[in-house]
Amino acid sequence: PSTCGTDVLKLNTLRVAIAEALPELARSPENLRIWIERGAGRCQGTPADAFSFAFQANVLIVEMASDIAVLSHAVFRWLRINQPDLLTPGRDGFSFDADILDNGSADVLLQIQLTQNVTVAANDRGGFTLAYLPEPDPLFADDLGFGGLDPVPGLSGVEVDEQIPQPGQ
């Protein structure tokens, strides 16, 4: 479903990830509010008409009773698939503010810098079909090494306890 003329794929999946992680949102879904701030459109500079959006996603959880670590874990798991560049070591995945209401709850605001790519294709009616593109899912599996980094033949004194995929496997 579209919201105010926008259907930004990433925000829809972010909403689902957070709602599934915080039990209080099952009882009070209206306590999760998401909006875009400081958005910009970017041309890809290619022969295709594709473009992207860059924006700050604001996520407000009103009267959150869960530990902020639970929320953070859900967001980092979501970022792994939807904005993996934010998981670069030393880079902030998101910023946050918290208004502590009492010993058991807080209003928590997350700010996440996101991009959303849009593909454009001519259709048979003389117009264009636009589609939001997901990020690759996942970029690479955790259980596989980086390509081209095979063990060095003849290296001694190093033990490896894991199975290393052989070329062609």
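- Side-chain atoms of Q116 never come within 3.5 Å of backbone atoms of F53 as a donor-acceptor pair (strictly under, hydrogens ignored).
- Under the rule for a ring-ring contact (aromatic ring centres under 6.0 Å, His included), the partners of F76 that lie at least two apart in sequence or sit in another chain are F94.
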| query | After noting the C-alpha distance and the side-chain angles of M64 and N31, does the key distance pass the side-chain contact (heavy atoms from CB on, under 4.5 Å) rule? | reply | CA-CA 8 Å; M64 187 176 87; N31 285 3; over 6 Å; no
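- Note on L110 and L87: same hydrophobic cluster, where clusters join Ile, Leu, Val, Met, Phe, Trp and Tyr whose side-chain heavy atoms are under 4.5 Å apart, directly or indirectly.
- For A19 against L25, the heavy-atom pair with the smallest separation is CA-CD1, 3.9 Å.
- In this structure, I18 CD1 and I34 CD1 are separated by 5.0 Å, a value rounded to the nearest 0.5 Å.
- Two residues are said to be in side-chain contact when any heavy atoms from C-beta on lie closer than 4.5 Å; L114 and L11 meet this criterion.
- A side-chain donor-acceptor contact under 3.5 Å links D107 to the backbone of E63.
- At least one donor-acceptor pair closer than 3.5 Å links the side chain of Q83 to the backbone N or O of T115.
- The distance from atom CD of E20 to atom CZ of R77, rounded to the nearest 0.5 Å, is 10.5 Å.
- Of all the heavy atoms in D67 and A69, the pair that sits closest is OD1-N, 2.7 Å.
- At a threshold of 4.5 Å between non-hydrogen side-chain atoms, the residues D85 and L79 do not count as touching.
- Nearest heavy-atom pair, A17 versus A74, reported as atom, atom and distance to 0.1 Å: O-CB, 4.1 Å.
- Panel note: side chain S72, backbone I68; a donor-acceptor pair is recorded below 3.5 Å.
- In this structure the side chain of Q111 reaches within 4.5 angstrom of the side chain of D97, judged on heavy atoms.
- Contact check for Q56 versus I36: no side-chain heavy atoms found under the 4.5 Å cut-off.
- V70 and L109 are not part of a single hydrophobic cluster, where members link through side-chain heavy atoms under 4.5 Å apart.
- Using a 4.5 Å heavy-atom cutoff, the side chains of L14 and N82 are not in contact.
- Between the side chain of T13 and the backbone N or O of K10, at least one donor-acceptor pair lies under 3.5 Å.
- By the 4.5 Å heavy-atom criterion applied to side chains, I112 and L86 are counted as neighbours.
- When side chains are defined from C-beta on, S66 counts as touching E24, because their heavy atoms get closer than 4.5 Å.
- In the model, N58 has a side-chain atom that pairs as donor or acceptor with a side-chain atom of E37 under 3.5 Å.
- Of the possible donor and acceptor atoms, none in the side chain of D92 sits under 3.5 Å from a partner among the backbone N and O of S95.
- Placement of V118 and F128 within a single hydrophobic cluster is found when ILVMFWY residues are connected by side-chain heavy-atom separations under 4.5 Å, directly or transitively.
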| field | Full working for side-chain contact (heavy atoms from CB on, under 4.5 Å) between L71 and I61 | value | CA-CA 10 Å; L71 172 62; I61 300 101; 3.7 Å; yes
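- Linking ILVMFWY side-chain heavy atoms closer than 4.5 Å, directly or via other members, places L60 and V75 in two distinct hydrophobic clusters.
- There is a path of hydrophobic side-chain contacts, each under 4.5 Å, that joins F51 to Y132.
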